[in-house]
Each structure stands twice: as C-alpha cells, then as structure tokens.
Amino acid sequence: MSASLQKGLNAFREVMDAPIASFFSSCVHCGMCADACLFYTETGDPKYTPIHKLEPLRRVWQQEYTLTGRLGRMLGLSQPVSDDELAAWSELVYDSCTLCGRCSMVCPVGNDITYMVRKMREGMSAAGHAPEGIIGATKRTIELGSPMGVKLQALQAQIRGQEAETGLTIPVDVQGADYMALLSSMEIINFPEYLGALARIFHQAGVSWTLSSEAFEATNSGIQIGASDIAREIVARIVTAAEKLQVKNVISPECGHAFTALRWEGPNLIGRPYKFNVIHILELLDELRSSGRLKTSGKEDAALTFHDPCQIVRRGGVVQQPRVLLGAVASDFREMPDHGVMNWCCGGGGGVSANERAEHLRLTSFKRKKSQLDELGVQTMVTACANCRIVLEEGLEHYNMNVKVVGLTELVAEHLVEQESAK
Amino acid sequence: MADETLLDILKRRGISRRSFLQFCAATTSLLALPPSMAAVVAESLGKVRRPAVIWLSFQECTGCTESLTRAHSPSIESLIFDAISLDYHHTLQAASGHAAEEAREQSMKADWGNYLLIVDGSIPLKDGGVYSTIAGISNLQMLEEAAAGAAAIVAVGTCAAFGGLPHARPNPTGAVAVSDIIKDKPIINVPGCPPVPAVMVGVLAHYLTFGSLPDLDALGRPRAFYGESIHDRCYRRPFYDQGKFAKTFDDAGARDGWCLFELGCKGPTTHNACATTKWNGGTSWPVQSGHGCIGCSEPDFWDAGGFYKALSTPVDSVTGAATAALAVGAAAGVAIGIANRQRKARARAEHQTVTIADLEK
Amino acid sequence: MSDMDLLLWARGPGLGMAVAIFLFGMTLRLFEIYSLGRKRDLSTPRSNSPGSGWRTIYARSLPHADTWRRSALTIIAGFVFHIGLFIVLLFLLPHIELIRALTGLSWPALPTPLIDLVTVITLISLIVILVHRLMDPVKRFLSGFGDYLVWTVTFLPLLTGYMAYHHLLLDYTLLLALHILSAELLLVVFPFTKLTHTFTLFIARWYNGDIAARKGVAS
C-alpha cells in the first residue's frame, strides 16, 4: 500500500521523451481528437477530449522539461500537479480511454495521443489512481496467473472437452514445436471453441504446435494498468516458457492487447529481442491459406461484417489478413463504415472491460458500434478479439440487438475441408 | 507702385485677365477647393496689395529658391513672387551687407504683426548656433526676432520644415526645424527637397486669398498637396498591382516603366504632389525619369533606411543578431537538455519497482 | 516619435530584436524536444512497412473521410486560413523582398489585388475560427489565454496589412509601422506558444508515422 503522488510524478518524469515533447509542442487545441473518440461522440462531454486526458502529464512536461516552465515554477507562476488532480483524472485516463488509437490517426499535427495515455498510466498507477477493477485483474494475473483467475486445471478441463469435441489431441509442453499457442482467459472461460478450432486447423495444415502448461495466458493487465514492472513479470512468463520449449514462434490469440503486449511491448519490457517470433493467429491463418496448407470449402451465405479489434488492426498492423480470410469463408462480407484502421472501438479495450466503475460509460459509448451496425443491417459480426467479443455481446444484449458475434478463427475452422492431414 | 494690386502688376507684365483666371482655377483645384471658389480666389487675389514678405535663409543649399525661381519662361508662379513685396531675401535682393539687414529691420518695423515670414534652411543650435550666422547674428536669434512680428510662418523645404539634411545623423550642428523653435505662431510646412513650385505658390495664394492657413496634416503640411502618397497617385501603380517590378535600373522592366518598389522607391510612405503636378512645367518627375521616390518631403528622409532599400526590408542587417540568437538559443538548449537528461536519469534512479502491492495507497 | 520614426524602429532595432527572440526561442525549443531522446524500440518491426514517418508528414495533411464528416468546419476553416496565410506571407512582393533581404532567396510575386482578395478570405476564415472556438463546446473547453493570444497575434498582421494597403483609418506610414510591429509581436510570442506547431508538427507527425509504420500501419 505504498502508491504515492511522488512515485506517480517520478514515473511521469521517467516516461517523458522526445515524441511526447514534440506532441505537446504541437497541439493547437483544434478539438478534432474529440470527434475521433467514441467517449466524446456518444456523450458530448468535452472533458472526454483525448488530449485533455493528458493535462497533468503535459503540465509536468511544461513545468519540468522546458526552460520557460522551469522559470515559471521558480517564480511561483504555476502550481505543481497535485494528488487531487490525478484523482480527478483517473476517470479520464482509464474509464474513458481504451487506447484504441483512433485519435492518433486523426490528429492533424500528428500527435500520438494513445502513446501518451499509455505512458501516463505509468504515473497514474504508481500514484495509486488506477481503478479498482484493473488493480484486481492485475493482482489476479500475478497471483493466480490470469486476470480472471483461470488456473491450469481449468485449462486442462477445457482441453479435455475440446479433445472430446474434435477427436484430436491438443499438445501440451511439446519441446521444439514450431508454434506455441497462447490463450486469453476469456477464451478459456467463454470461448473454448477457439482451442478446438486451433486443433482442427493445425491438424489439417500439419502445423507442429503446443501449449505450455507454464504460460498459456496471453493477456497482460500490466499493460492496461500501465505498470511496466508488472507487465514485464507477466510477459517474462511467456518468454521463459517459449524459450524453454525452444519453439520457433509464439502465436498471439484472438485478443487485442495481448498482441500489443507480446508483439510490441514485450521485448522493450524485458530489454532484449526474443529468441522466437511472435505472430498473430490471423497472420498465421493467412500464411497457411496462401501457402495452400489451409483449405476451406463452402461459404457462409448470411450477410456478415467484421469488427476490427483496435490493437490487432489499427495498433497491430493485421489489416488485410482478416479480410482475405473472410473472403474465403463468406459470400456476403460487408465492411462497416470507417472499417480497417479507422474502425471504432468496441468501447471495452485498454482495461475498460475490467473496470466496473466504467460500465455505464462503456455501455453509453457502445451506441457508436450500435449505429454502425444499424447502418449496415447485418445479423452476424465477426471479430478476432475475445475481449471485443465479450464487450460486443454485452452491448448488443443491453440494446436488445439481434446480432451474433463470431470469432474469425472458429469461423475458418468451421469451413475446413474435411480431410485427413496431408501428413 | 505700392498701391498697385496684384492684378495691376500682372497686367503690366503682360498677363491677361483670362490667364490670371485660368491660374486661379488651377490653383483652386490644386488646393482641392470646390470649382465655385475659383471666382473668389480670383477676386481676392486680384485685389491683394503687395503683401510684405520676409524670406530668411538659414542652413540651406538655395535649392528651394532655385526651384521656385528658375523657370524656363516667366510663369505666373514666378511673377506672383515678383508681385509680393519680397523685402528681404539675401539671394534675390540686390542689396547686401548692412544695407540688406537694414532693409529687413525696416520692413519688420513697418509691417510688424502683418508680414509673412518665409524660412528655408534649418537652424543650428549646437555651440550657441555658431555654425550659421548672418551679419554676425545667429540664425536662432534672427528667427526669433523675425517670428515675433510675423503674422504666419511658411517653412519652405524639408530643412526648415523638419531639419532636413543638416539634421541627418549625426547632426553635427544640432540643426532643428522652425517648428522646434517657434511655438506661438501659425506655421505652414512646405517640405520637399526642394518643394514643388506650384505647391509653394498654392500655399501663398491660399494665404493671400483667405488670409488664413490652409488645412494642415499632423506634420503641418497643407493637406491639399500632401494628403496623398506618391504611390497612390503614381502612374506606375498598376505595375505594382500586377506584380511587375524593375529589378535593376537598366533591365527590361526598368525600360518598360515597371514599378520601382524593389529598387527602394519610397512612394508608399511619401506624401507630396509630384505625381500630379510634376516638375519643370509639368515635364517630368523623379519616378517618370526612372528613379524611385526618395521620400524627400518626409521627416528624416535621409536617414530613413537607405534610398535603394525596398521599404519592407530591414534598415539594419539582422545577421549579427540572428547568429547570436542562434548561438545563445543552442547554448541554452544544450544546457536545458543536460538538465532535463539529469532530471530523467534521477527519476530512473529513484524508480521503485512497482509490484501489485504498490498499486494502492 | 513620428510615424516614420516608428516605422524605422520597426524596420531596424524592432526587427532585429524580434528575429533574435524568435530564433533563440525556436532553437531552444528544438533542443528541448530532441534532447529528451527516446528509447530504442527492441521489437521486431514489420518488414514490408506501408508507411513511415516521412509519409505521415505529408499524408496527415489529408483527413480521413470520417474525420471530414465530423470536423468539417475545423478542417475547411483551417485549410483556408493556413493556405491563405501562406499565400499572403510568401507571395506579396514586399514580403518576398524582406525574405530576400534576410536570406537571399526570392521568387516571383503574385498580383497585389489577388493577395488582397486572399487576405480578405483569410481574415474571414480567422473570424470564423474564433467564433467556432467560442461556440464549439470542445474548443471552448480546451481554450485558454494562450489560444486567444495566438489568435490575436495572427490576426493583427493580416488586419494591419489589409488596412495599410487600403489606407483605412490611419496614415499609411503608421499602418505600415504597425503592420511590421504586429508581425514582430507574432515572432516574439511564437516560440513560447502553440505557434511552435508550425515547426514541431513535422517532428510530431514523423514520430507518429514512425511508431505506426513499425507496426505496419500507415498512419
């Protein structure tokens, strides 16, 4: 119980870098980031303007890292950032930001606001202003191994279930496998069919793969809460397990921030490049498809659309692969307005779904997705992130919408050509 | 002779009434008075009886007198000067030495309070005014004495009006304008180096006709002649608007009569009647002859940033200041950069590993 | 002090001071930014990156379709203002002469009536921008003293330039002096306000593009 303002401000000082300084130097208060943020568009409350969420960080930069700001502080012209101020900003930094990155795509001067919110959370968490819900998830991840408290036994139960379902063996702790698959706890609890889908696809494609009993959880609450020290500990479990099994690749599951944590932040957290590659499951499926190892037959006739998970598409660069895969298994694939890198977030990323305090705001901002869906009029929405999936399902239920949410990997698995593996 | 009216004198010199009326009409329009006033001007001017005028020349070059008197043919303008009782003008008068000074003193006495005082040249004040004296009398003393009995003063030329060339930096004689010394008399400034003759005459005609000063601008210049800038009335103005500029004095643009702004023309900030009345009987004027306006009817034109520097360009080089600023900025930047890096390093050193126990207060 | 004295001060010592403060401030700013550095990214970048920092520097000038829809007034007024300002600043002959005197660089001027028209459009766009700032809830919420100061010091050179050209209210010489002084005021406050975005947006866009391109996204 040692969080303090001092630690928080110290973290602000630590994360300050040239990009942040250039971003703050460039903001002209045009307000266009507000129009890009679903928390503003759906509430109309200007306090949800993305750049405003960074005000305490900006003040620390201005007061401590510029000559004029330093002089102003010495002359007593400005007040230092206070604990009350950070407390007031907790809602803005955690509840009303999913780190979706849409504002960063829109800002006319090129500010990567999301980059800064991620950095600001380092100080917010160190100052003790992270929301209880995310703190809880983070504690469970460290203490139990998963933010939802899923333990190995639960996974083993699901493995047995899926093995029975598919009639295939799901490999665990296979030394030297080409691929080590990871799961998100939501998949383990709510969508175990993902595991079955993997087994069937890899069986058909002849992929050598394994799960690790030591590191199967891909999600990383440390990233969401913004505590790099904790995020490092979590990602290190995966790195240790993967390097122990000497796998060539680690597959990030259908979970957005898990991909960000593992693919982009991980090496920087542990301070060295990995000895394996990280690949997102959609990237792998597309590779298998294009090399002819993954064959599908038949197509979904119903009109369907794709919800781009922010961390996989806009912040992850997996943009075309889901479209190619959908083209192979669906005859009436319709893009949402603002699809791809400009898609709107489900409203629950970046730790918001774990933050009970934000539930009302999250459901309010879901109106953005609702209007996108209403405009399109389809009954099936495919996605590739278990967190999006849960949040979407909750939102759809809240608004009594008759739309089914499907995971893309499972959809592909359903259309596998029924044949024995080539080998 | 002393009772002769102006019109009588002009008649004797062979100027017809018709020519006089034409002159009055032209002067009326030059003064920007309504055309109906031409008759009034002619009426009053015709009846004027040789007003007494004292002309004092101080630190000057005689250019103003030259300008006003050296016409190719005797014009009405020059005759108007003949018509006035120019009781003292040491360039023009026949008398010299003590006789001349006596004439001045007599005239002053005779018309005390009524004569018109015309001054050209500036007045040196430094070192007791020793830099310009007439008959042992300093310019300052002579001006003060003559001004005391004057009905009004006309400061002819930029030297008398604003100090002019003698006033130019570093102003070794401490030269000042008439208006810097005389505060209790009406003063009309007719600046120009030299002033346009028609302007001089127009001012006299106005004074003689109405017995009052014409409408003056903030610098004491008659608005009728100095109300508009050279640039606004310049026949080359369309080239300015089209963006056609002479780059040198002998390029195609210069030959085609394009705008001289880039060559330093001060037309935009200069107020005078050159562009409309022209010089030498309407023959030409500086811009028409291919040289930019040097702004001679404006105060301190000699020190106004150089005749050949475009009006929008720096008066002094900023290279030194710019170089110094870059160096100081870089030095301050390096210093704050080091301080910032130290602050960041300290923050890193003070970092305490955040564990799940450290997420709450 | 006469109008001419004021003009000479503006063209002489005033200009020198303003240029010096501007250059000092901007140099300081750039050092402040870059000296903070950034950590080397140890993650493996995507090899076939469709973007880069350089690409984003120009691409960010063109808003996405949805951004157009949602922020149309901000975008249009912003474009009109910026383009107008740069036309007036860079293509009026007296300005070119100033640039040539300071740097030796020059280029052809545009006809003055065209500049005049652009000035009017730019002034109108600035007024629209101000009214929008006062009316729009987000802009009003974000705005402080600095925003209105910057608006004022940007508006004044355009206004005084227009007034000088048309001889409005005051004598030309005085207006020209005020015009130059207002531009100098702009230079003086420049490094210490959001006007720095003129330069730093290139840095910001580069970082934004670089961060996104590493992940295979053209931002």
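Below, chain A is the first sequence line, B the second, and so on; all start at residue 1. These numbers come from a predicted model, not from an experiment.
Contacts between T196(C) and chain A at a heavy-atom distance below 4.5 Å involve backbone atoms as well as side-chain atoms. Both the backbone and the side chain of P137(C) come within contact range of chain A, with heavy atoms under 4.5 Å apart. Interface remark: T66(A) contributes backbone and side-chain atoms alike to the contact with chain C (heavy atom separation under 4.5 Å). With a threshold of 4.5 angstrom between heavy atoms, T56(C) does not approach chain A through any atom at all. For a residue to count as touching a neighbouring chain, one of its non-hydrogen atoms must lie under 4.5 Å from one of that chain's; by this rule P191(C) does not touch chain A. Looking at R140(C), there are no atoms closer than 4.5 Å to chain A (heavy atoms on both sides), in backbone or side chain.
By number of non-hydrogen pairs under 4.5 angstrom with chain A, the leading residue of R40(C), K39(C), R133(C), H132(C) is R133(C). For the set L36(C), L30(C), D210(C), D41(C), the entry with the most heavy-atom pairs within less than 4.5 Å of chain A is L36(C). Put simply, of R205(C), R69(C), H197(C), R60(C), the one with the most heavy-atom pairs under 4.5 Å next to chain A is R60(C).
For the pair N208(C)/C107(A), no side-chain contact is recorded, criterion being any heavy-atom separation below 4.5 Å from C-beta on.
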Applying side chain to side chain contact (heavy atoms under 4.5 Å, CB included), run through T67(C) and D35(A) and close with a yes or a no. CA-CA 7 Å; T67(C) 312; D35(A) 292 328; over 6 Å; no
Side chain to side chain contact (heavy atoms under 4.5 Å, CB included) for R263(A) and R46(C)? Distances and angles first, verdict last. CA-CA 11 Å; R263(A) 177 72 174 86; R46(C) 285 194 193 280; 4.1 Å; yes
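In this model, a donor atom of one side chain and an acceptor atom of the other lie less than 3.5 Å apart for T200(C) and S26(A).
Heavy-atom contacts from other residues, nucleotides or ligands closer than 6.0 Å to CH2 of W54(C) number 12 or fewer.
Considering SG of C33(A) and CG of L142(C), their distance stands at 7.0 Å, rounded to 0.5 Å.
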